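Bear in mind that the values here come from a model prediction, so they are computed numbers and not experimental data. We count ligands from 1, going down the list as the structure has it; atoms in each ligand are counted the same way.
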Amino acid sequence: MRIYDIISHKRDGHELTDEEIRFFIDGYVKGEIKDYHASALLMAVYLNGMSDREMVTLTLEMAKSGDMLDLSMIDGITVDKHSTGGVGDKTTLIVTPVVASLGAKVAKMSGRGLGHTGGTVDKLESIDGFNVELSPDEFISTVKRTGICVVGQTGNLAPADKKLYALRDATATVGCMPLIASSIMSKKLAAGSQCIVLDVKYGSGAFMKTKADAEELSAKMVEIGKMAGRKMAAVISDMDTPLGKNIGNTLEITEAVETLRGQGSADLREVSLTLAANLISLARDIEYSEARQLCENVLDDGSAYKKFMEFISAQGGNAEMVADIRKLPVAKIIHRVIAPKSGYLSNTDAEKIGSASVILGAGRVNKEDSIDYTAGIILRKKKGDKITAGDVIAEFHTNDEKRITDAENVFFEAITFSEKLPEKTELIYKVIR
Ligand code: URA
């Protein structure tokens with residue numbers, strides 16, 4: 001078999017055989033197939049697409065290219081959730097203790113933030129002492145003991161995807177539905193859980209800008225997971241506007257704790273409960289409505305909050321500090337952003353607000369950048385709120401005064417005012433099972 005022939009097959013619009021896909025992934029990971037060949041094949045896929053069979057084979061081959069986690073030592077049903085990324089998205093911190101309170105086992109690998117979106121690993125590391133780098137044995141024993149463990153991605157999880165993603169990034173082939181679906185699902189399948197719920201965001205702050213694209217991606221990922229024998233659901237939710245009110249690492253921990261104590265924003269609670277209830281419905285094989293009731297019960301009676309504290313302590317985090325959120329570190333400078341005019345807040349563009357938060361120090365522009373855990377934004381007003389000139393719309397938290405002007409310029413690009421109440425956005429567009 002020759003890579004040259006595989007490229008020309010795809011270029012001419014033919015379906016690749018399973019053997020051809022296997023040959024490509026195996027050869028590329030071993031370094032026998034060069035970047036220029038891989039780039040040409042990726043571009044041919046970008047232009048001609050892939051059938052469902054090709055996409056499933058590609059996903060499985062990428063998943064098998066490194067460690068496949070074996071979670072069979074864990075009693076009970078293992079569950080995982082994945083978000084395609086957003087601004088203010090701290091749902092993992094709420095969903096995982098909710099489902100673990102109901103007996104599901106969460107063995108989760110999460111990522112760091114990049115660009116305008118945040119990452120769960122950074123949020124957890126903002127808690128004094130929290131350790132996301134556990135050995136495989138510690139990972140499994142923590143899940144067995146507390147029902148939850150969240151760690152950073154190990155180096156050898158789907159290495160084919162890691163290599164191909166970097167190449168796609170450099171060759172304008174990221175935005176291709178079968179490649180995105182297989183990239184995300186290869187990591188989820190390698191991570192080993194039996195039930196997977198995907199939180200697929202759409203809108204300005206999301207990877208998928210339209211509902212239609214989010215729906216197409218969701219359907220593809222659900223199909224791949226099912227064909228690989230996993231129980232799957234995808235929740236398609238709005239990311240035109242940030243989720244909740246706090247953006248930034250420590251600030252998001254604070255809002256997650258508030259939500260677990262029954263005081264959080266309504267939108268954050270709703271998305272978290274929808275994700276948790278879908279996981280429980282899959283794990284226990286029960287109707288969504290029954291699962292939803294169970295999730296609401298453990299959120300409202302404090303069980304999920306107690307589980308969250310157990311989870312933080314089990315991974316070395318200072319739970320006392322989290323229990324009294326006034327003890328969490330706060331940025332030195334808190335700058336109030338004042339409304340220049342009256343009206344309704346008709347848009348709060350998630351991507352731009354995420355970027356303003358990065359400018360304040362909450363995120364990275366490059367992978368190796370360090371971040372300021374206490375930096376970020378608290379939205380005091382959200383889309384649809386009535387504003388009077390002079391009201392505080394947001395609070396900027398930062399340790400570097402020089403960053404405020406730039407962040408404020410970007411923030412003001414993100415918001416618009418109108419005289420009329422704007423149309424309500426649909427928070428959950430669809431659930432695909
Ligand atoms: N996230 C991934 O993991 N892969 C993609 O291709 C796009 C987003």
Are a donor atom and an acceptor atom from the side chains of [X] and [Y] found within less than 3.5 Å of each other?
X	Y	value
T92	K81	yes
D122	N249	no
T241	T348	yes

heavy-atom search around atom 1 (N) of ligand 1 in the protein gives I184 CG1, 3.8 Å
Looking only at protein heavy atoms, which one is nearest to atom 3 (O) of ligand 1, and how far off is it? K187 NZ, 2.5 Å
Are any side-chain N or O atoms of E255 and backbone N or O atoms of N246, one a donor and one an acceptor, separated by less than 3.5 Å? yes
Closer than 4.0 Å to some heavy atom of S183 - which atoms of ligand 1 meet that? 2 (C), 3 (O), 4 (N), 5 (C), 6 (O)
Within less than 4.0 angstrom of ligand 1, does V174 place any heavy atom? no
Would F411 and I359 satisfy side chain to side chain contact (heavy atoms under 4.5 Å, CB included), going step by step from the backbone distance to the final call? CA-CA 10 Å; F411 185 84; I359 295 172; over 6 Å; no
Does any N or O atom in Y165 lie less than 3.5 angstrom from one in ligand 1, N or O only? no
